[in-house]
Amino acid sequence: QSYLESLRPKARAMGISDATMNATFPTLTSNSRVIQLDQSQPGGSFDSPIPSFEPYRVKHVDAARLGRGRTAYAANRARLARIEQETGVPEEIMVAIYGHETNYGSYTGDFDLLRSLATLAHEGRRRTLFEPEFLATLKMLDNGVPRSRLVGSWAGATGYPQFLPSVYLRLARDGDGDGKADIWTSEADALASIANYFVNAGWRRGQPWGV
């Protein structure tokens, strides 16, 4: 709790209200499972060899994911075409990311983002990454995103595209015109947000994704 209180000046500088902090901070406790998962992450050192692509492809691109991908593509055909026309990001890239990140929305994680990110920030090993993400999650809450939506992976990724909170704040888009960027239940918003992510990262229209 003392660590959380130390974040108030940074949060206020981001425009986060004291009311949001007062309602949230007392509910947060350390999650030892999150720390365990973070510390057991493979790789990460400069000495680690880059793994071969083919075993990864075989594991992650299987018949079930391809079949569900065809279904997701057909169901979203009109909006995919519109987003590609607007952004230059190919339809198949948007669908592939959607399928790879959450198996077309079937699994998005069930960790409380605020508790997980507060835990990781407080633990300190990767505070420079996780403290800003915790503050970004508070900002989402302050902006009106219900806490019940703020769930995801142990490391803070959320929604159909598994955006970190800071990425959501910067790049999530309203794809269906309802005035919200709902990457948790709206495929239109999720696909538009994925395309915007690529545009922001420098996607060049007409170029292949890899050589």
Side-chain angles (χ1 to χ4, degrees), residues 1-44 97-98 101-103 105-176 178-187 189-190 192-194 196-197 200-201:
Q1 288 297 316
S2 61
Y3 169 68
L4 294 175
E5 289 298 324
S6 77
L7 297 178
R8 280 186 185 264
K10 292 181 181 179
R12 287 176 182 139
M14 293 173 61
I16 298 165
S17 69
D18 278 299
T20 293
M21 289 184 273
N22 292 341
T24 304
F25 287 178
T27 71
L28 300 177
T29 57
S30 184
N31 186 335
S32 59
R33 177 63 178 151
V34 168
I35 294 173
Q36 182 184 27
L37 288 166
D38 182 48
Q39 292 178 345
S40 64
Q41 278 287 93
I97 296 299
Y98 182 27
E101 289 296 336
T102 57
N103 202 6
S106 64
Y107 185 73
T108 56
D110 55 7
F111 283 86
D112 175 359
L113 293 193
L114 285 158
R115 186 184 181 205
S116 295
L117 291 166
T119 296
L120 291 164
H122 173 253
E123 189 264 347
R125 189 171 73 92
R126 293 198 285 167
R127 181 169 292 175
T128 54
L129 168 63
F130 291 119
E131 183 176 284
E133 295 302 337
F134 172 69
L135 292 168
T137 313
L138 283 177
K139 184 68 173 176
M140 291 172 68
L141 193 65
D142 208 50
N143 287 349
V145 178
R147 185 161 180 185
S148 59
R149 284 273 168 84
L150 295 175
V151 295
S153 77
W154 63 265
T158 190
Y160 290 164
Q162 291 290 277
F163 279 1
L164 287 171
S166 64
V167 175
Y168 174 86
L169 290 174
R170 287 192 303 115
L171 300 177
R173 289 293 176 268
D174 173 14
D176 55 17
D178 68 353
K180 303 174 183 176
D182 177 5
I183 62 170
W184 300 274
T185 64
S186 168
E187 288 187 313
D189 292 3
S193 298
I194 289 167
N196 193 48
Y197 182 98
N200 181 262

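Being a predicted model, the structure only gives us computed values, none of them experimental.
Between Thr27 and Ala23 the shortest heavy-atom distance is CG2-O, 3.5 Å. The nearest pair of heavy atoms linking Asp189 to Asp182 is OD2-N, 2.8 Å. Closest non-hydrogen pair, Ser193 versus Ala172, comes out as OG-CA, 3.4 Å.
Residues in residues 115-136 take part in these ring pair (Phe, Tyr, Trp, His ring centres under 6.0 Å) pairs, two or more places apart or across chains: Tyr3-His122. Legend: salt bridge (Lys or Arg N to Asp or Glu O under 4.0 Å) pairs involving residues 154-163, not counting sequence neighbours: none detected.
The local environment of CZ in Phe111 is crowded, with over 12 non-hydrogen atoms from other residues, nucleotides or ligands closer than 6.0 Å.
Contacts of Thr137 classified as side chain to side chain contact (heavy atoms under 4.5 Å, CB included), with partners at least two apart in sequence or in another chain: Leu113, Leu114, Leu117, Leu150, Pro165.
For the residue pair Arg170/Asn196, the side-chain donor-acceptor check at 3.5 Å is not satisfied.
Side-chain contact between Leu120 and Trp154 is present, with at least one heavy-atom pair separated by less than 4.5 Å. Side-chain contact check for Ile35 versus Arg125: every heavy-atom pair is 4.5 Å or farther apart. Residues Arg149 and Met140 form no side-chain contact, since every pair of their non-hydrogen atoms from C-beta on lies 4.5 Å or further apart. The closest side-chain heavy-atom distance from Asp174 to Lys180 is not below 4.5 Å. Considering only heavy atoms from C-beta on, Val145 comes within 4.5 Å of Tyr168 through its side chain.
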